[in-house]
Amino acid sequence: MKLPKTYEPNEYEQDIYALWERSEAFSPSGKGESFSVVVPPPNANGNLHLGHALGLGIEDILARYRRLKGDRTLLVPGADHAGFETWVVYEKKLAAEGKSRFDFTREQLYEQVWNFVAENRQHFEEQFRQLGAGVDWRHFTFTLDEKIVRLAYSTFKKMWDEKLIYRGERLVNFCTFHGTSFADIEVVHKEEKGSLWYIRYPFTDNSGEVVVATTRPETMFGDTGVAVHPADPRYQNFIGKSVKLPLTGREVPIVADTFVDTKFGTGAVKLTPAHDPNDYEAAKRHDLPFITVVDHEGKMKNVPEKYRSLKVEAAREKVVADLTAQRFIVQTEELSHSVGHCYKCDTVIEPMLREQWFVDMRPLANKAIKALEAGEIAFYPNVKQGQLITYLKGLKDWNISRQIAWGIPIPAFQNVDDPDDWIYDERVSEEIITVEGKTYHRDPDVFDTWFSSSSWPWAVLDYPGSEDFKNFYPLSVMETGFDILMPWVSRMLMMGLYVTDRVPFEKVYLHGLIQDEHGQKMSKSKGNVIDPIAKVRQFGADAFRIGLISDESPGSNRPYDESKVVGGRNFCNKLWNIARYTEDLLDKNPIKEKHFNATTLADHWVLSKLQQSTDTVADSLDKYNFSEAYEAVRRFVWDDLADWYIEASKVQPNPALLRYILASVLKLAHPFAPFVTETIWQTLAIDQNSLLATSEWPEVSLPDRELAATFEEIRTIIFETRNLVNSLRLRQTKLHYIAPAFVTENSAIIERLTGVKTVTEVQTGAGLKLITTPYDCWLEVTPELLTNHANTLKEQRKAQVEVVDHLKSRLTNQGYTEKAPANIIEQTKVQLAQAESLLSTIDGEINRFAPKQVVNPDQPKSSPPNPPTTGQGSVKPPAPESGVSV
RNA sequence: GGGUGAUUAGCUCAGUUGGCUAGAGCGCCUCGUUUACACCGAGGAGGUCGGGGGUUCGAGCCCCUCAUCACCCACCA
């Protein structure tokens, strides 16, 4: 089958992926070590975004590389029910249909969302395939699969039994729009401008007043005290007195508490324990009551008639107006302060008293900190390890209850006759159960998604007791976005240690966010979201993957750069055309066996380059340096193979070797460009009935290093010749040389690659002498050009003198010669010798043009350093004075 | 308020424990229709490594300081 001129990814990708799936290419099969990665499950409700594409790209590169290396490799795909995230999407859908969550029962809602998600699931599985992710579909797991739920329950039960789970009325972060509470980590704090009102609170004994400062005057109906610092001299006689709250006249005490900041406001703070975390803690210390004045919809309650049912904002205005009218406001000032918001709808988070399930994080966090400090997990980038430790050290108890319908129901029931009697029971499909004659009512809440997904690494491996768990746990790498280091990675670590008693992964690789072209965060509201699938269609999956990873550096954000994707496409096309050339060559020279021999200098040279590149790619991937690894592949393919070897092989073809090189390079490139490499592999039937995806990482046969080095000499001659031909606009010029046989043997290559008309051996040279090679080569030029060239030489000389002086001064520096390591000094000496040699060559040339002018008489005549030896003829070191007059 | 990272060519980024004349891709300039590829080939220009100090024989890299930009964490009324 013939390859067309240009690679058209859309024509091959689907078939190639189907071939892989059909062949079970992604089932663990190697005999080597286990290598396991679990894809962070994307939300099943939507499409993949750029972050998924980047993450999948990285994970797939690792997995494909390891598979080629012979490891027993498992890459597990999955999908997340994404509790709250999906719930938000579904509520919007309901709203669009003119309905709301209140129109349905919890069971109905759950079923509706289930179906909604089921529809979208296929969608995104298809997108995995389009991106070329080589995942093992038989291991596909959904976060609501029975095994996941069962594990969430058993973990919950274990914590319940061990008293790590408790139920209590605590101040929680509550979104009044979505009607649910959040974990601390889910609250987005924003710096906002607000007002700070100074309000008089008169003493009940009419002996004066205390002025408090607040940003939330509407909560004063819930005040149950005023606090001052015990050491504040201004307020010593206030402590113990009572004040009369404005507007209601309710009496509350003044207490002393060290949490008060004497420098803020007036140094006296009103206490609203039911709506402020600090006040909550203070009230507990002083045994003050809690009065809730904002309900779950964000409306005022337990307040005077005229404020009742007003939204918080409206109530605030009204309260301020009334306080002003009654001259309770002393002053108002502008204030910038941090306010918590719902990360989805931006509603201001209302701290609210609610009875919920909490996890006592201290013991879990301490275990994790210990493991981290012992270095049990390697982080990319490393700095994230310390950040995670800091986070864990300050971690508070975790609220795991969510008041939404979509999620895993919490398996807990409450005695209808005794609110404090809670029991664990998994019969969550029933609203009411009877146990030992008592009636229990199901907790209507569901788990925080992160609670169940924190078991992901072992849950997908069928913990406990499965072969998979034995083979693949802990995971080799956890690859995910750095934005979920705290909410997810930290929890997997804590739960992993708690449940399995081992760290759940050996390494953590965190990729950064991809922003839009202008460095702005992508978001639907800004309308700057880039659809990865559209880009795959436009450029091909390989090109897109390369575009995303060719600038990859862990942990840092970076803008989407389409020119990189174009670069990736061009790279694929380059590979494609190398394959086409190889195909043509093999058509003309049918090779029956796989056997090949390196015969020419270029053969040996390309083998040595292949060997170096293979090592570099492997080293870089082992260090998780993806951009460097790709760069090594690209350089070999483009520079070494296409621009040099293939061009040289047009003069001296070696079809069998070229086929070997192509096969090897396809393997190196496969992790980065899986589709095009497999397409070529299949089309050319490089290895009958096999898949590239499950072939073996190349083991390069050893080249002859000396012959390879001799080809470098030819390259040096070609480089300088090209430079001169270009800058002097030489046409149809001739190259003359003296002596080395390898030039004679490769004259056709030099002609082809430089465009010179002929390459001829002469007895004495004339013309423009090449200076960067130790061999005697001249370009035939007109006398005028030669004269002009003398000026160029003088400039070159000037620059070269600087280099020589620089190196000399280093070597005459006593501090340097005494303190620098011997190998560095030796290196400098070699450099100096080379620099002086080049300088003397230049001087020799200048003397040819101006023989009377003696240049630098002190300059020692040095012979060129280490002329290469070759197996293809004798080499005489050229004498620098061998220049011939014009 | 606490913490972290970044600042290198016009743009996006590399630069490993301090040691060759600081690299790549894209862009730019010049030249080129050589039958694998114009999604191409050849050549070239372009950087006082954010500013200022310091340590060192030697600093893009280490220390101090300033500036700017990101990000993370946090219950300051």
Side-chain angles (χ1 to χ4, degrees), chain A residues 3 5-7 171 173 184-185 187 189 196 212-216 219 227 259-261 264-266 268-272 276-281 335 337-338 340 351 381 383-384 386-387 390-391 394 396 482-483 485-486 512-513 517 519 539 543 550-553 555-564 566-567 569-585 623 625 627-628 631 634-635 642-643 646-647 650 719 722-727 729 752-755 799 802-803 806-807 810 813-821 823-825 827-828 830-831 834-835:
Chain A
L3 298 172
K5 193 167 169 179
T6 314
Y7 174 60
L171 218 49
N173 310 296
D184 294 340
I185 190 94
V187 177
H189 291 270
L196 187 64
V212 300
T214 182
T215 54
R216 301 202 54 188
T219 62
F259 93 91
V260 179
D261 178 359
F264 188 90
T266 60
V269 57
K270 68 196 236 359
L271 298 176
T272 321
D276 180 279
N278 271 317
D279 298 1
Y280 174 82
E281 294 298 329
L335 175 78
H337 63 149
S338 160
V383 68
K384 295 290 174 186
Q387 291 178 12
T390 308
Y391 170 76
K396 301 281 199 319
F482 79 98
D483 52 325
L485 172 64
M486 310 306 180
L513 247 58
E517 292 90 330
F539 297 104
S550 61
D551 254 357
E552 168 60 16
S553 177
S556 50
N557 297 341
R558 91 195 108 95
Y560 174 74
D561 185 351
E562 193 146 290
S563 72
K564 305 270 179 190
V566 171
R569 181 199 60 185
N570 296 351
F571 171 78
C572 293
N573 196 241
K574 183 55 92 171
L575 267 181
W576 188 253
N577 276 289
I578 288 170
R580 288 181 65 218
Y581 176 79
T582 309
E583 184 184 39
D584 284 352
L585 194 64
K623 288 186 291 186
N625 194 335
S627 53
E628 190 178 279
E631 183 56 28
R634 198 200 60 80
R635 226 179 4 244
D643 290 343
I646 287 188
E647 290 308 315
K650 284 174 181 172
F719 276 131
R722 281 170 167 177
N723 180 311
L724 291 168
V725 164
N726 253 296
S727 59
R729 303 254 185 275
R752 181 174 180 98
L753 296 189
T754 59
E802 273 177 34
V803 172
H806 178 73
L807 291 168
R810 189 181 299 173
N813 180 335
Q814 209 178 350
Y816 180 73
T817 50
E818 280 170 10
K819 293 181 184 174
N823 62 321
I824 297 290
I825 293 175
Q827 200 179 313
T828 309
V830 171
Q831 283 160 18
Q834 284 170 348

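These numbers were taken from a predicted model, which means no experiment stands behind them. Letters go in sequence order (proteins before strands), and every chain restarts at 1.
- Between the side chain of A:S550 and the backbone N or O of A:K564, no donor-acceptor pair lies under 3.5 Å.
- Computed from coordinates, the A:F264 CZ to B:C75 P distance equals 16 Å when rounded to whole Å.
- Separating the C1' atom of B:U34 from that of B:A42 is a span of 12 Å, rounded to the nearest Å.
- Remark: the separation of the C1' atoms in B:G27 and B:C13 is 14 Å, to the nearest Å.
- If you measure from atom CG of A:N625 to atom C1' of B:G23, you get 14 Å, rounded to the nearest angstrom.
- Taking CZ from A:R634 and CZ from A:F571, the interatomic distance works out to 8.5 Å, rounded to the nearest 0.5 Å.
- Among the nucleotides B:G19, B:U4, B:C75, the one closest to any side-chain atom of A:K396 is B:C75.
- For the P atoms, the distance linking B:A36 with B:G41 amounts to 13 Å, nearest Å.
- Taking only side-chain nitrogens and oxygens, A:R569 never comes nearer than 4.0 Å to OP1 or OP2 of B:C40.
- The side chain of A:S563 contributes no N or O atom lying less than 4.0 Å from OP1 or OP2 of B:U12.
- The side chain of A:Q831 lies closest to B:C20, out of B:C20, B:A36, B:A77.
- Between A:I646 and A:H337, it is A:I646 whose nearest contact on RNA chain B lies nearer the 5' terminus.
- By the 4.5 Å heavy-atom criterion applied to side chains, A:Y391 and A:L485 are not counted as neighbours.
- When each of B:C13, B:C37, B:A77 is scored by its nearest atom to the side-chain atoms of A:D551, the top-ranked nucleotide is B:C13.
- Comparing B:C72 with B:U65, their C1' atoms are spaced 25 Å from each other, to the whole Å.
- Close to B:G25, at under 4.0 Å from its OP1 or OP2, lies no side-chain N or O of A:K574.
- Taking only side-chain atoms of A:V803, from C-beta outward, the nucleotide of B:A24, B:U21, B:C75 with the closest atom is B:U21.
- Rounded to an integer number of Å, the gap from A:Q827 CD to B:G18 C1' is 14 Å.
- Comparing the same atom, C1', in B:G50 and in B:G60 gives a spacing of 12 Å after rounding to whole Å.
- Spacing of C1' atoms, B:A45 relative to B:G2, comes out at 48 Å, to the nearest Å.
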*Secondary structure string for RNA chain B (Watson-Crick or G-U under 3.5 angstrom, | for other-strand pairs)*: (((((((..((((.....[...)))).(((((.......))))).....(((((..]....))))))))))))....

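- Ranked by how close their nearest RNA chain B nucleotide is to the 5' end, A:K623 and A:G567 are led by A:K623.
- For A:R634, the side-chain atoms get nearest to B:G25 when compared with the rest of B:G19, B:G25, B:G5.
- When each of B:C39, B:C13, B:G43 is scored by its nearest atom to the side-chain atoms of A:N726, the top-ranked nucleotide is B:G43.
- Contact between the side-chain N/O atoms of A:N573 and the OP1/OP2 oxygens of B:C40 is not found at any separation under 4.0 Å.
- Taken from CZ in A:F482 to CG in A:N557, the straight-line distance is 4.0 Å, to the nearest 0.5 Å.
- Put simply, A:K564 has no side-chain N or O that comes within less than 4.0 Å of OP1 or OP2 on B:C13.
- A straight line from CD1 of A:I824 to P of B:U21 spans 11 Å, rounded to a whole angstrom.
- Atom CG of A:N570 is separated from atom P of B:A38 by 11 Å (rounded to the nearest Å).
- Between A:T754 and A:V725, the closest side-chain pair of non-hydrogen atoms is not below 4.5 Å.
- The distance from the CD1 atom of A:I578 to the CG atom of A:N573 is 10.0 Å, given to the nearest 0.5 Å.
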*Derivation and outcome, side-chain hydrogen bond (donor to acceptor under 3.5 Å, both in side chains), residues A:N577 and A:R580*: CA-CA 5 Å; A:N577 276 289; A:R580 288 181 65 218; 2.8 Å; yes

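- Here the side chains of A:L753 and A:R722 are in contact, with some heavy-atom distance below 4.5 Å.
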Under 3.5 Å between N/O atoms: give me all the protein pairs with nucleotides 32-34 of chain B, atom names plus distance.
none

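- Comparing B:A42, B:A38, B:C75 by their closest approach to the side chain of A:R722 singles out B:A42.
- Between B:G19, B:C73, B:C75, one nucleotide has an atom nearer to the side chain of A:N278 than all others, and that is B:C75.
- Taking the charged nitrogens against the carboxylate oxygens, A:D184 and A:K396 have no contact shorter than 4.0 Å, which rules out a salt bridge.
- For A:Y816 and A:T828, the side-chain atoms include at least one donor-acceptor pair closer than 3.5 Å.
- For B:C73, the OP1/OP2 oxygens have no side-chain nitrogen or oxygen of A:H189 closer than 4.0 Å.
- Taking the P atoms as reference points, B:G46 lies 14 Å from B:A24, given to the whole Å.
- Taking the ring axis of A:Y581 as reference, the NZ or CZ atom of A:K650 stays within 45° of it and closer than 6.0 Å to the ring centre.
- For B:U33 and B:C40, the C1' atoms lie 11 Å apart once the distance is rounded to whole Å.
- Considering only the side chain of A:A642, B:A36 comes nearest among B:C75, B:A36, B:U12.
- Checking B:A24, B:C13, B:A36 against every side-chain atom of A:N577, the shortest atom distance belongs to B:A36.
- In this structure, the OH atom of A:Y560 is 20 Å from the P atom of B:G25, given to the nearest Å.
- A sub-4.0 Å separation between OP1 or OP2 of B:A36 and a side-chain N or O of A:K650 is present.
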